[in-house]
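Proteins come first, then strands; the chains are lettered A, B, ... in the order of their sequence lines, and each starts at number 1.
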Number of protein chains: 2
Amino acid sequence: MYEINFMYGYKLTNSSEMNQITNKIRIKDIAILAGVSEGTVDRVLHNRGDVSAKSLEAVNKVLEEINYTPNLLARSLASKKQYRFVCLYPEHNLADYWHSIDVGFNQAASEFSNHNVIIEKRYYNQFDPLSFISISNEILLNLPDAVFIAPIFREEALNFTIELKKLQIPFSIFDSMLEEAEFITYYGQNSFQSGYIAAKLLLEALPKESQVLIIRTHRKGSVSNQTIYRNNGFMQFIKDNNMVDFYELINIELKDDDKNSNLEALRTVFAAYTNIKAAIVFNSKVNRLAMDLVTLNQTDVRLIGYDLLEENVAYLKQGVVSSLIAQRPEKQAYLTVRDMCREIIFKQKVNRINYVPIDILMKENIEYYMNF
Amino acid sequence: MYEINFMYGYKLTNSSEMNQITNKIRIKDIAILAGVSEGTVDRVLHNRGDVSAKSLEAVNKVLEEINYTPNLLARSLASKKQYRFVCLYPEHNLADYWHSIDVGFNQAASEFSNHNVIIEKRYYNQFDPLSFISISNEILLNLPDAVFIAPIFREEALNFTIELKKLQIPFSIFDSMLEEAEFITYYGQNSFQSGYIAAKLLLEALPKESQVLIIRTHRKGSVSNQTIYRNNGFMQFIKDNNMVDFYELINIELKDDDKNSNLEALRTVFAAYTNIKAAIVFNSKVNRLAMDLVTLNQTDVRLIGYDLLEENVAYLKQGVVSSLIAQRPEKQAYLTVRDMCREIIFKQKVNRINYVPIDILMKENIEYYMNF
DNA sequence: TGTGTTCCCGTGTTCGCCCACAAAGATACA
DNA sequence: TGTATCTTTGTGGGCGAACACGGGAACACA
């Protein structure tokens, strides 16, 4: 009787009571339809208990019939809970790849600040696993609401995630994969496939018998999975296309920090091999090689590398680098945060493993990427 | 005196009055600092008048010193204004390019519905300028708060924008450019450049003396600027690289609707020209040609086309199409709406002309685009 | 019937901002 | 000085959801 009365009255009040233009349903509407109070609906929606079986059923019945989407604006406005998210990735400078990750996290920080989200950034030394350990320990003491990790150091990162699990702190990973971890999301490139494509771009129009330089930069302390997987993909392309005997692959390893010694090493290589037609660097340091090729007057070499660092882009525009493969680092960071918000604030479903597009950049289309 | 007292007290109230964790500044804070009421600050912020010179100055002074960013959640929640945005673009079916535009607008619709934005879609027949005119007239009578236009028909669209201008209705354009119009934003591809890149991808490894098919699909009633610009870019690449004498370009025009006649026409072409090594279609209809090439057993022809329609992607994966050039139609639509919200609701600055990236898709990287 | 306990439930306040309305102050004129 | 008019200002009531608090109903037991 009570319920019917209300429903009847409800339909009559065509303007003052119901928001008629957008027929958005509010908690109040559900309460009226279910014949309970707003507080009860709220308790049901949040599984907060203290609801009788009868009320529970009534509310659930209404919820099944209608399509209630909470007003996220009102929710965040009313909620007093502060969310503290901590990001953990390598320290860097402006010209570094990791700076783009920084940019993405900053975007997310400003966009979600109204939802009571605070983003803290912690950096480790990517050549020193101990720095990772010590900073991750600090984070554990802070008890953040979520953590985002670039797991350069496999073992150390895995241990960290295990501790997070114990404390029931949700976390996401990005940049490189850590299959065993129970992360909320992963955003990153499929490295194998990006190496595969690199091979296609580098080799497709190359004359047989060419010599091809494959550059590794040495990292003390750690091994980046990325470059290994990329290299594997590269080799797979050669196999798949029966090119094994076509080219002579010359693997050389360069130091990551000392520029002069690389130049001399390269000079030696070019003296020894006289038919080098192509070269690839499996990380963002391709600008180093480009610089050296310019010095050595070897710009006819077809050169491919990774990531849109300012210097890399400059060499691409000059034509020294013929293609760059990119992986949207800003998006990786931004979406990692967005999805964590969806997961723990908005209680929405998120996709767990997300491979970002493998972007192919040439001097003819680079401009529109940079301004987007 | 009054002011100083308040400021002093203000700094003392470290917890109850000020939200200390995120030091977000509220209208209330500004009011206290300026020694006026919240209502006055509100009037200043919205240029709503009825403010004395003295109060105005006081508030502006505070605003200059601090960095006030309004809480957009609270703003939208409180605002009673409904925004009605109307989109105008070609009618389509699921397999069509314009369906992706639809998807983008839908995304925007659900994301901005909480900000009191309603998105209405109106479709015209892309082969009938009159349909554009009649529907645009209907829109003018409706007095929406903003309009988004895909200006396929240059003259007609321009006239429409002039009328919108008179009514002071802001509008944005997407897909193709309309330089003379006073739009808020443009999102679309630089067609010339995308044709330029297409030429690079198609011709770079092509043997001299090859014959190249250039396909135009005929559209009764209208001419799409896009395909003309793309063609121009294509030709420019040939000129820039001194390739004019390398290839024999065969321009053929196919009907847009009748499949059989195209097959016969193509059969004739392949009978007449026996060294066709490459082909390009300057719009999303490349799947038609791909189908015919399969029928004619001519899949060795290197084929390039535009846009990620399901059928195009299928042929790309099969290897019949060697590359597709894409332009993020969903993003175009979504960002058009987002920027209009920023402009008229959030009062933020937006960038006027936005060229979307020219994406290069091959069978090796298509997968990661489709799932993103 | 009175008292205590447990279980449910409704109400009221808050978030930051918008906006209407009425009150207060300023000015002009009789 | 009083009254009318205009200008300027402060206050209060929403927006939709979160959450605390206190009160009512139901039951048990004395």
Side-chain angles (χ1 to χ4, degrees), chain A residues 2 6 15-32 34-59 63 68-83 113-117 345-347, chain B residues 2 6 16-32 34-59 68-83 113-117 345-347:
Chain A
Y2 174 75
F6 263 91
S15 144
S16 58
E17 252 308 304
M18 202 173 176
N19 36 3
Q20 70 287 8
I21 305 177
T22 57
N23 50 351
K24 275 266 176 192
I25 291 150
R26 304 159 297 172
I27 284 187
K28 192 178 183 182
D29 299 313
I30 299 172
I32 294 172
V36 299
S37 76
E38 296 184 41
T40 301
V41 176
D42 183 73
R43 277 182 282 268
V44 172
L45 287 173
H46 294 86
N47 285 323
R48 237 185 286 125
D50 287 341
V51 175
S52 67
K54 182 163 154 269
S55 302
L56 184 65
E57 198 194 355
V59 173
L63 286 177
Y68 173 65
T69 50
N71 185 326
L72 300 181
L73 309 190
R75 168 177 293 180
S76 289
L77 188 62
S79 171
K80 287 148 180 37
K81 170 128 187 61
Q82 290 275 350
Y83 294 92
S113 70
N114 282 335
H115 293 279
N116 306 322
V117 171
I345 305 181
F346 308 140
K347 312 279 195 265
Chain B
Y2 175 76
F6 262 93
S16 58
E17 253 308 304
M18 203 171 174
N19 37 1
Q20 70 285 9
I21 305 175
T22 57
N23 51 352
K24 276 268 178 191
I25 292 152
R26 302 159 299 173
I27 284 186
K28 192 178 181 181
D29 300 313
I30 299 173
I32 294 171
V36 298
S37 75
E38 295 185 43
T40 301
V41 175
D42 183 74
R43 277 181 282 266
V44 172
L45 286 173
H46 293 87
N47 287 321
R48 239 188 282 125
D50 289 341
V51 175
S52 68
K54 182 162 154 270
S55 303
L56 183 66
E57 198 194 357
V59 173
Y68 172 67
T69 51
N71 185 327
L72 300 180
L73 309 190
R75 168 176 293 181
S76 289
L77 186 62
S79 172
K80 286 144 180 38
K81 170 124 188 64
Q82 290 276 350
Y83 294 92
S113 69
N114 283 336
H115 294 279
N116 306 323
V117 171
I345 305 182
F346 308 142
K347 314 277 196 266

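- Sequence order on DNA chain D of the closest nucleotides to K54(B) and L72(A) puts K54(B) first from the 5' end.
- Side-chain proximity of A78(B) to dG16(D), dC19(C), dG14(D): nearest is dG14(D).
- When all heavy atoms of L45(A) and Y68(A) are compared, the pair lying nearest together is CD1-CE2, 3.8 Å.
- Two residues are said to be in side-chain contact when any heavy atoms from C-beta on lie closer than 4.5 Å; I345(B) and V117(B) meet this criterion.
- The two residues A31(A) and E38(A) come nearest to each other via the heavy atoms CB-N, 3.7 Å.
- Within the nucleic acid shown, S76(B) has no heavy atom closer than 4.0 Å to any nucleic acid atom.
- Of the candidates dT8(D), dG16(D), dG16(C), the closest approach to any side-chain atom of S52(B) belongs to dT8(D).
- Side-chain contact between F346(A) and P70(A) is absent, with no heavy-atom pair separated by less than 4.5 Å.
- For R48(A), counting side-chain heavy atoms from C-beta on, the closest listed nucleotide (dC19(D), dA20(C), dA17(D)) is dC19(D).
- The end-to-end axis angle of the helix from dT1(C)-dA30(D) to dA30(C)-dT1(D), rounded to 10 degrees and based on five pairs per end, is 80°.
- Which of dA18(D), dG10(D), dG16(C) sits closest to the side chain of T40(B) comes down to dG10(D).
- We find that CD1 of I30(A) is positioned 11 Å from C1' of dG16(D), with the value rounded to whole Å.
- Among dC17(C), dG10(C), dG16(C), the nucleotide with an atom closest to any side-chain atom of R43(A) is dG10(C).
- When the P atom of dA17(D) is taken as reference, atom CD1 of I345(A) falls 17 Å away, rounded to whole Å.
- The nearest whole Å value for the distance from the OH atom in Y68(B) to the P atom in dG16(C) is 10 Å.
- Atom CG in D50(A) sits roughly 13 Å away from atom C1' in dG10(C) (whole-Å rounding).
- At a threshold of 4.5 Å between non-hydrogen side-chain atoms, the residues D42(B) and R48(B) count as touching.
- Ring-centre distance between H115(B) and Y83(B): not below the 6.0 Å cut-off.
- Between E38(A) atom CD and dG14(D) atom C1' the separation is 13 Å, expressed in whole Å.
- Considering all non-hydrogen atoms of both residues, N116(B) and S79(B) come closest at ND2-O, 3.1 Å.
- If you take CG of D42(A) and P of dC9(C), they are 14 Å apart, rounded to a whole angstrom.
- Checking dA17(D), dA20(D), dA20(C) against the side-chain heavy atoms of I27(A) singles out dA17(D) as nearest.
- As a whole-Å value, the separation of K347(A) NZ from dA18(D) C1' is 12 Å.
- Under a 3.5 Å cut-off, the side chain of N71(B) and the backbone N or O of N114(A) do not form any donor-acceptor pair.
- Comparing dC18(C), dG16(D), dT11(D) by their closest approach to the side chain of N71(A) singles out dG16(D).
- Taking only side-chain nitrogens and oxygens, H46(A) never comes nearer than 4.0 Å to OP1 or OP2 of dC19(D).
- Of the candidates dG10(C), dT9(D), dC17(C), dC17(C) carries the atom nearest the A74(B) side chain, counting heavy atoms from C-beta on.
- Remark: S79(B) is not in phosphate contact with dC15(D), judged by side-chain N or O atoms under 4.0 Å from OP1 or OP2.
- Straight-line distance from the CG atom of L77(B) to the P atom of dC19(C): 13 Å, rounded to whole Å.
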